[in-house]
K.L.:
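Handing you a structure now.
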Amino acid sequence: MPALRQKSSGGDTLALELADISLRVGAATYLYPMDLRLEPGTLTVLLGATRAGKTSLMRIMAGLDVPTQGRIRMDGKDVTGVPVRERNVAMVYQQFINYPSMTVFDNIASPLKLRGRRDVDARVADLARKLHIEPFLQRLPAELSGGQQQRVALARALAKEAPLILLDEPLVNLDYKLREELREELAQIFATGNSAVVYATTEPKEALLLGGHSAVLDAGELLQYGPTAEVFHRPQSIRVARAFSDPPMNLIEAQAANGGVRFRDGLELRLKIPAAAAAGVTVGVRANSLRDTARPGDIALSGSVQLAEISGSDTFLHAETSVAPVVAQLTGVHRFELGTPVTLYLQPSQVYLFGASGDLVLAPDRPLRPVH
């Protein structure tokens, strides 16, 4: 399977460079050949479903595994095959790890003391303040909640001030409210640091909230890498669009026609399609582009209600329409009776168009509002 190679632009001194790396174990391929460069002071989100290759890639970055092929360089030095204990890397996993016999203060201070830092007290106090664990500095980890313990593990990783910080879904086991708070705090902390931070997640919303750059992975392939907002608004393929949409992007088969596309029910959508586009195309519609109220220039999709889910302040409406089953993300709490008729509205300027090969042909002229 061919690999897409992506590189970020930046200076000559790099915190981490992966050159043509891949990973195979027996007959199984975990990572297909890829290139990736991460500069100091940047945040890269590894986004993909379970078994997309995120953890395999992070283990190679850390030195826990050796790539089957390719080279790894940190700050220009070849560290391929150098074990993790000989690298300056900080890691935080889904399951937080703290020293149980040491206080919170000593847990955070341990990497500072190993480096002979003289400002240990001030640095610990600063990290504790940023992560809101100041009241717990003299407690043992066992006396804290799970969320508080994860904050301690994050503080210790940040205290290490390693050129590379790897975070493998560090918030996945925390409650929703705490995850929301920590995401905002971490985004601010990462923005002011000098380390290259790699953050793995399965959630598109989390990638959008963290910002930085995103590397979209699927089945061991690096599909796209770039500024997170750019990857979200201009997914290079259907595979990227699927990975970077929550709820999934609505994908509707259509045929190219003069001045637009025609759906299976004969409904036409006026679009400026490149002349090279094949007859068979796929129209992509994000769930938050569909509305239950009309605006000038809209096209109407008639159908019936299959399911209505209320999540927070939004309602996710599943409808069977004449063109395809779709999901609409409607702002506010709405009540729909199952099986009742419903009409959803769409602006032609908000659709994506993918060619027969699955590659992006057309994207909205202006950004859609991100999914929150």
Side-chain angles (χ1 to χ4, degrees), residues 13-18 38-44 55 57-66 72-171 182 185-186 188-200:
T13 302
L14 305 175
L16 181 70
E17 180 181 8
L18 307 180
L38 310 178
E39 289 84 8
T42 62
L43 166 65
T44 294
T55 298
L57 184 55
M58 294 184 89
R59 287 180 62 87
I60 285 178
M61 290 177 176
L64 291 168
D65 291 332
V66 178
I72 307 167
R73 299 179 181 87
M74 292 187 69
D75 291 328
K77 299 178 181 178
D78 192 333
V79 294
T80 310
V82 176
V84 63
R85 64 179 178 274
E86 297 179 25
R87 300 192 193 183
N88 190 8
V89 177
M91 303 181 67
V92 178
Y93 302 93
Q94 296 177 18
Q95 300 296 334
F96 46 80
I97 301 174
N98 293 307
Y99 300 114
S101 62
M102 296 168 58
T103 65
V104 170
F105 179 95
D106 288 331
N107 264 278
I108 301 172
S110 58
L112 297 169
K113 292 177 179 178
L114 286 173
R115 295 171 55 216
R117 288 279 296 260
R118 295 182 179 181
D119 59 343
V120 172
D121 289 358
R123 181 61 175 154
V124 171
D126 180 58
L127 288 168
R129 176 182 55 79
K130 288 179 177 178
L131 291 169
H132 304 294
I133 50 177
E134 292 172 285
F136 315 121
L137 288 176
Q138 299 309 314
R139 296 188 188 181
L140 294 174
E143 300 175 291
L144 307 181
S145 69
Q148 291 162 351
Q149 291 187 57
Q150 185 68 307
R151 289 171 183 249
V152 174
L154 286 165
R156 190 175 69 252
L158 294 170
K160 192 173 181 181
E161 294 183 332
L164 179 62
I165 299 177
L166 303 174
L167 307 173
D168 191 1
E169 298 188 62
L171 309 183
L182 269 179
E185 293 165 1
L186 289 176
Q188 295 173 7
I189 292 171
F190 296 154
T192 58
N194 295 318
S195 301
V197 179
V198 181
Y199 188 108

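Here the structure is a predicted model, which means the values were calculated and not measured.
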K.L.:
Any chance you could measure L131, atom CG, to E134, atom CD, to the nearest 0.5 Å?
P.N.:
10.0 Å
K.L.:
Looking only at non-hydrogen atoms, find the nearest pair between L16 and M74 and report the distance.
P.N.:
CD1-CG, 3.9 Å
K.L.:
Report the distance from atom CD1 of I72 to atom OG1 of T80, rounding to the nearest 0.5 Å.
P.N.:
5.0 Å
K.L.:
How close do P141 and Y99 get, heavy atom to heavy atom, and via which atoms?
P.N.:
CG-O, 3.6 Å
K.L.:
Please tell me if the side chains of E86 and V79 come closer than 4.5 Å, counting only heavy atoms from C-beta onward.
P.N.:
no
K.L.:
Salt-bridged, D75 to K77, with N to O below 4.0 Å?
P.N.:
no
K.L.:
I'd like to know if the side chain of R156 reaches the main chain of V92, judged simply by a donor and an acceptor atom lying under 3.5 Å from each other, with no hydrogens or angles considered.
P.N.:
no
K.L.:
Nearest 0.5 Å please: distance from the CZ atom of R123 over to the CG atom of L158.
P.N.:
7.0 Å
K.L.:
If you count the non-hydrogen atoms of other residues, nucleotides and ligands that lie under 6.0 Å from CG in N194, is the total more than 12?
P.N.:
no
K.L.:
Taking all non-hydrogen atoms of both residues into account, name the closest pair between A200 and P170 and its distance.
P.N.:
O-CD, 4.4 Å
K.L.:
Do L43 and L186 pass the side chain to side chain contact (heavy atoms under 4.5 Å, CB included) test, and can you show the C-alpha distance, the side-chain angles, and the key distance before you say yes or no?
P.N.:
CA-CA 10 Å; L43 166 65; L186 289 176; over 6 Å; no
K.L.:
Closest approach of V89 and K160, non-hydrogen atoms and distance?
P.N.:
O-NZ, 2.6 Å
K.L.:
Do R59 and D168 sit within salt-bridge range, that is, some charged N less than 4.0 Å from a carboxylate O?
P.N.:
no
K.L.:
Ring of F136, cation from R151 - is the NZ or CZ under 6.0 Å from the centre and inside 45° of the axis?
P.N.:
no
K.L.:
In the structure I gave you, are the side-chain heavy atoms of L18 and L57 within less than 4.5 Å of one another anywhere?
P.N.:
yes
K.L.:
How many angstroms lie between atom CG of N98 and atom CG of N107, to the nearest 0.5 angstrom?
P.N.:
4.5 Å
K.L.:
Taking all atoms of both residues into account, what is the closest heavy-atom pair of A155 and L127, and its distance?
P.N.:
O-CD1, 3.5 Å
K.L.:
Which heavy atom of I165 sits nearest a heavy atom of A157, and at what distance?
P.N.:
CD1-O, 4.3 Å
K.L.:
I want to check something: taking the side chain as every heavy atom from C-beta on, are Y199 and L171 in contact at a cut-off of under 4.5 Å?
P.N.:
yes
K.L.:
To the nearest 0.5 Å, what is the distance between CG (L164) and CG (N88)?
P.N.:
9.0 Å
K.L.:
Can you find a heavy atom in the side chain of I133 that is under 4.5 Å from one in the side chain of I108?
P.N.:
yes
K.L.:
Hey, what do you get for CD (E143) to CD (Q149), rounding to the nearest 0.5 Å?
P.N.:
10.0 Å
K.L.:
R139 side chain to L144 main-chain N or O, any donor-acceptor pair under 3.5 Å?
P.N.:
no
